[in-house]
Undergrad: 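Below are the structure tokens for one structure; questions will follow.
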Protein chains: 2
Amino acid sequence: MKAKNPRDLLCEAALRIAGRDGLLSMTLDNVAKEAQVSKGGLMYHFPTKDDLIRAMLEYFGDDAEQMLIRKMAEDPGARFRFARSFLSSVFGDGEEDRDAPDHLKREALESMMLAMIAAVANNPNVIEPLRGKVAKIRDRVLSDRRDGMEQLLIWLAVDGLMLWQFLGLIRRQDPLFADIGTALKKKTEPKKKTKPKRPSKGGVA
Amino acid sequence: MKAKNPRDLLCEAALRIAGRDGLLSMTLDNVAKEAQVSKGGLMYHFPTKDDLIRAMLEYFGDDAEQMLIRKMAEDPGARFRFARSFLSSVFGDGEEDRDAPDHLKREALESMMLAMIAAVANNPNVIEPLRGKVAKIRDRVLSDRRDGMEQLLIWLAVDGLMLWQFLGLIRRQDPLFADIGTALKKKTEPKKKTKPKRPSKGGVA
DNA sequence: GAGAAAAAACCGACCAGTTGGTATAGTAAA
DNA sequence: TTTACTATACCAACTGGTCGGTTTTTTCTC
């Protein structure tokens with residue numbers, strides 16, 4: 001359903017190793033082994049390690065981007081749309097896809113972050129193309145005079161959370177993880193004093 | 001002025017390499033060379049690479065911790081003291097040490113972050129001791145019922161910024177870097193308007 | 001459709017250089 | 001004598017990468 005062609009499989013294997021065994025274990029031999037492919041097979045698809053990493057960046061980057069684009073398209077709100085969509089793609093929607101498996105995978109951003117760290121660790125130059133891309137999104141977010149900076153701060157906080165996760169300072173299943181998501185989401189809600197926590201109260205539905 | 005004993009010199013050399021040449025270049029040979037020490041000398045102080053990394057974590061961790069403690073002691077305020085001190089140690093105090101060199105080094109947190117990333121990259125287990133330490137600080141911050149979560153979010157945003165810096169998505173000298181600092185600091189100020197432009201809009205919260 | 005040819009996909013032994021780490025002989029000072 | 005190194009040689013394991021060969025799939029021909 002998600003990935004079948006060997007390139008994607010290789011990218012996923014590489015990321016799995018990086019996350020599980022540490023970035024230094026993300027060697028060509030290990031990646032090939034993890035993907036159950038011979039080293040020659042790997043090298044056929046990616047002549048150099050940089051090529052592998054570039055492919056990872058693209059693969060997981062597109063994943064995260066697609067996710068964000070979809071969320072933004074779904075969002076009917078006007079203000080804080082970026083931040084809300086961003087948060088929704090990381091923490092889920094709280095109700096709807098609480099049990100939905102992961103064709104909408106919440107780890108998309110997490111994966112891309114790890115891919116980027118792995119990339120920089122191997123070769124700082126390889127993310128160059130991504131830099132411009134991120135800068136563009138960032139500028140568009142900031143172009144919103146009202147909430148631009150506030151949304152950027154939310155973005156940064158999430159990225160900080162991703163860093164914590166990478167460092168093992170927090171795990172997705174920790175209650176705090178969800179609490180942080182809730183707190184951030186609250187910032188994207190229309191300015192109200194009342195907390196619309198539980199709508200299941202009145203007869204209105 | 002700051003460090004004289006060879007262990008500290010070695011730690012600094014290792015970090016310098018990690019930052020300048022990438023994590024993969026942080027090899028024992030390179031570190032020894034950078035510190036102008038023979039490899040034997042390095043191995044005398046740190047029998048294994050993990051020992052080196054543990055020392056780095058301790059060295060830069062203590063650095064950042066000291067910095068934070070001092071800032072907090074200096075801060076007369078009551079609310080948001082942690083976040084304010086934290087921000088001040090990263091972005092400076094805006095006026096005072098704008099030209100002060102760096103015996104108060106603003107890169108302290110940055111350095112520790114890099115050390116932690118390097119540590120995890122080499123061996124995910126090596127940060128274990130730090131985990132507890134961070135958790136303790138985090139819990140103390142969160143124990144503040146009023147502003148705990150808000151301060152944690154500020155912390156996370158700064159860490160996100162550090163990650164961006166590591167990834168080359170932003171540089172310290174970029175105007176945006178300072179802007180983010182300013183925006184975050186504003187959140188730690190005593191209750192005023194979030195937006196100084198619109199004077200009134202009803203209740204505040 | 002059968003079968004040959006060609007191209008694409010893949011294997012795994014091999015290579016030169018590097019890695020973390022060891023060993024050892026010597027030196028300078030406290 | 002102990003501590004704190006320098007300098008160098010060395011090691012097995014591993015690194016990214018090459019290469020000749022094999023299998024599988026597609027394409028072409030009849």
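Chain A is the first sequence line, chain B the second, and so forth, proteins listed ahead of strands; every chain is numbered from 1. As the structure is a computational prediction, the values presented were derived from the model and not from experiment.
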Undergrad: D:dG16 C1' sits how many Å from A:N30 CG, rounded?
TA: 13 Å
Undergrad: Where the side chain of B:K49 is concerned, which of D:dG16, C:dC11, C:dG21 is the nearest nucleotide?
TA: C:dG21
Undergrad: Record whether the side chain of A:K39 comes under 3.5 Å of the base of D:dG17 through a donor-acceptor pair of N or O atoms.
TA: yes
Undergrad: Nearest to the B:L28 side chain among C:dC10, D:dG16, C:dG21, which nucleotide is it?
TA: C:dG21
Undergrad: Please report, rounded to the nearest Å, how far the P atom of C:dG20 is from the CE atom of B:M26.
TA: 9 Å
Undergrad: Nearest to the B:V37 side chain among D:dT6, C:dG20, C:dC11, which nucleotide is it?
TA: D:dT6
Undergrad: Calculate the interatomic distance between A:L9 atom CG and C:dA9 atom C1'; express it in whole Å.
TA: 14 Å
Undergrad: May I have the distance from A:N5 (atom CG) to D:dT25 (atom P), rounded to whole angstrom?
TA: 16 Å
Undergrad: Using only side-chain N and O atoms of B:H45, determine if any of them is under 4.0 Å from OP1 or OP2 of D:dA4.
TA: no
Undergrad: Taking the basic N atoms (NZ, or NE/NH1/NH2) and the acidic carboxylate oxygens, is any pair closer than 4.0 Å for B:R172 and B:E107?
TA: no
Undergrad: Return the value, rounded to whole Å, for the distance between atom CZ of A:R7 and atom P of C:dA8.
TA: 15 Å
Undergrad: According to a strict under-4.0 Å criterion, is A:T27 in side-chain N/O contact with OP1 or OP2 of D:dT15?
TA: yes
Undergrad: Where the side chain of B:M43 is concerned, which of C:dT22, C:dC10, D:dT15 is the nearest nucleotide?
TA: C:dT22
Undergrad: Rounded to the nearest Å, what distance is computed from the CD atom of residue A:Q36 to the C1' atom of nucleotide C:dA9?
TA: 17 Å
Undergrad: Would you tell me whether B:S89 and B:K71 have side-chain atoms, one donor and one acceptor, within less than 3.5 Å of each other?
TA: no
Undergrad: D:dC5 phosphate, OP1 or OP2: any side-chain N/O from B:Y44 under 4.0 angstrom?
TA: no
Undergrad: In whole angstrom, give the distance that lies between atom CG of B:L24 and atom C1' of C:dG20.
TA: 14 Å
Undergrad: Can you work out whether A:S25 or A:G40 has the more 5'-proximal nearest nucleotide on DNA chain D?
TA: A:S25
Undergrad: Is the closest basic N to carboxylate O distance between A:R7 and A:E58 below 4.0 Å?
TA: no
Undergrad: Looking only at side-chain N and O atoms, does A:T48 offer a donor or acceptor that is under 3.5 Å from a partner on A:D51?
TA: yes
Undergrad: Would you mind checking if B:K136 and B:D139 are paired as a salt bridge, meaning a charged N to carboxylate O distance below 4.0 Å?
TA: no
Undergrad: Closest-nucleotide mapping onto DNA chain D: is A:P47 or A:D29 further toward the 5' terminus? I mean the 5' end.
TA: A:D29
Undergrad: Would you mind reading off the distance between B:L42 atom CG and D:dT6 atom P, rounded to a whole angstrom?
TA: 10 Å
